[in-house]
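Notes follow once the structure below has been shown.
Hydrogens, waters and symmetry mates are skipped; everything else that's a heavy atom, side chains included, is used. Here is how names work: the chains are called A, B, and so on, in the same order as the sequence lines, proteins then strands, and each is numbered from 1.
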Protein chains: 2
Amino acid sequence: MKNTKFTQELRGIFAASAKPLTVADILGILRLKKLRPNKTTIYRQLEKMTRAKDLEHVHFESRGLGYEKAREHHHHLICNSCEKIEDLVIKDEQKMFDRLLGRKEFKAQEHHLEIFGLCMACSR
Amino acid sequence: MKNTKFTQELRGIFAASAKPLTVADILGILRLKKLRPNKTTIYRQLEKMTRAKDLEHVHFESRGLGYEKAREHHHHLICNSCEKIEDLVIKDEQKMFDRLLGRKEFKAQEHHLEIFGLCMACSR
DNA sequence: GTATTTGCAAACACTTTGCAAGCAT
DNA sequence: ATGCTTGCAAAGTGTTTGCAAATAC
């Protein structure tokens, strides 16, 4: 991946962001920085970074496709009120899924799990 | 909800289908039946049936928004090979989610879980 | 110098809206 | 007769593609 003004910006944005970002999010951030980003470039660069395993897809039904820095397998807790997103790492996840499938004859490969609710601050 | 040729068709289709259907699926089915459906009508009627609790939204990242007959809370096992979709009802689901959240301060309200893999037939 | 990256315009796919006409009740 | 439903055309949104110009290496 070449090192351009643009890719530097993108790396910076993902380094600074705790939560998954959509193309629209990134457009917004860049515009706040007074940059005039081209959305085609964003689409292309995000996909390229995903192929390179720097990013991973995160799908949220409400916000569409997002991207986040690749890291340990985890899930998301999404606050319905303030939209904050926390990570959730499940202990013994494999075991849990095995149990959950019971005697179903299904060879699980991947899964998606997101939990919506109220974060600590919003549930007061 | 009025009883028109169209709404009868729709009801019939959902009565006959075990799996969630997208607008595109329904367009296809109707065309196979030599009908010339209007997609605007499909969009509108599906949303209406959803508001009436006859249908429920099902979001699949790969296929976009789908709809299925409203019924007991469940999840989906999606075959990566043949696309078959099975239902999965989790026993003691509430308990499982409580445990899974551990001591996290998060008040869960809803969740989405889909498991992808190979169905019995395809895992041979 | 070469290959990758970028910007732009246009194409595309999907969904929604406004309005007039049709139909169920 | 009335109001819900339908069809059509158009607009809106989000994403992708082709190509020429710019730029990193």
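Shown here are the side-chain hydrogen bond (donor to acceptor under 3.5 Å, both in side chains) partners of B:N3, two or more places apart in sequence or in another chain: B:R11. Partners of B:F14 under the ring pair (Phe, Tyr, Trp, His ring centres under 6.0 Å) rule, at least two apart in sequence or in another chain, do not exist in this structure. For A:E110, the side-chain hydrogen bond (donor to acceptor under 3.5 Å, both in side chains) partners at least two apart in sequence or on another chain are B:N80. With sequence neighbours left out, the salt bridge (charged side-chain N to carboxylate O under 4.0 Å, His left out) criterion links A:K33 to A:E9. With sequence neighbours excluded, no residue forms a ring pair (Phe, Tyr, Trp, His ring centres under 6.0 Å) with B:F106.
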Going by atom type alone, with no hydrogens or angles, which donor-acceptor pairs under 3.5 Å involve a side-chain atom of residues 44-56 of chain B and a protein atom two or more places apart or on another chain?
residue : atom : partner : partner atom : Å
B:E47   : OE2  : B:H57   : NE2          : 2.9
B:E47   : OE2  : B:Y67   : OH           : 2.4
B:T50   : OG1  : B:L46   : O            : 2.8

Taking distance alone, no hydrogens or angles, what donor-acceptor pairs closer than 3.5 Å link side-chain atoms of residues 111-124 of chain B to residues at least two apart or in another chain?
residue : atom : partner : partner atom : Å
B:H111  : NE2  : B:H73   : NE2          : 3.2
B:H111  : NE2  : B:H75   : NE2          : 3.4
B:H111  : NE2  : B:E93   : OE2          : 2.8
B:H112  : NE2  : A:E61   : OE2          : 2.5
B:E114  : OE2  : B:H59   : NE2          : 3.3
B:S123  : OG   : B:C119  : O            : 3.2
B:S123  : OG   : B:M120  : O            : 3.1

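The span of DNA chain D lying next to chain B, judged by atoms under 4.0 Å from heavy atoms, is bounded 5' to 3' by D:dG3 to D:dA9.
Taking CG from A:L77 and CD1 from A:I85, the interatomic distance works out to 10.0 Å, rounded to the nearest 0.5 Å. Annotation: the span from A:I42 atom CD1 to A:L10 atom CG amounts to 7.0 Å, rounded to 0.5 Å.
More than 12 heavy atoms of other residues, nucleotides or ligands lie within 6.0 Å of NZ in B:K19, so this atom counts as buried by the packing criterion.
The residue among B:K2 and B:E47 whose nearest nucleotide of DNA chain C lies closer to the 5′ end is B:E47.
Residues from residues 35-46 of chain B lying near DNA chain C, meaning a heavy-atom separation below 4.0 Å, are B:K39, B:T40, B:Y43, B:R44 in numerical order. The stretch residues 24-33 of chain B does not touch DNA chain D, since none of its heavy atoms comes less than 4.0 Å from the strand. DNA chain C lies under 4.0 Å from no heavy atom of any residue of residues 5-15 of chain B.
Counting only distance, with no hydrogens or angles, the side chain of A:R31 and the backbone of A:P37 share no donor-acceptor pair below 3.5 Å.
Applying the salt bridge (charged side-chain N to carboxylate O under 4.0 Å, His left out) definition to pairs two or more places apart or across chains, those involving residues 64-83 of chain A are A:E68-A:R71, A:R71-A:D87.
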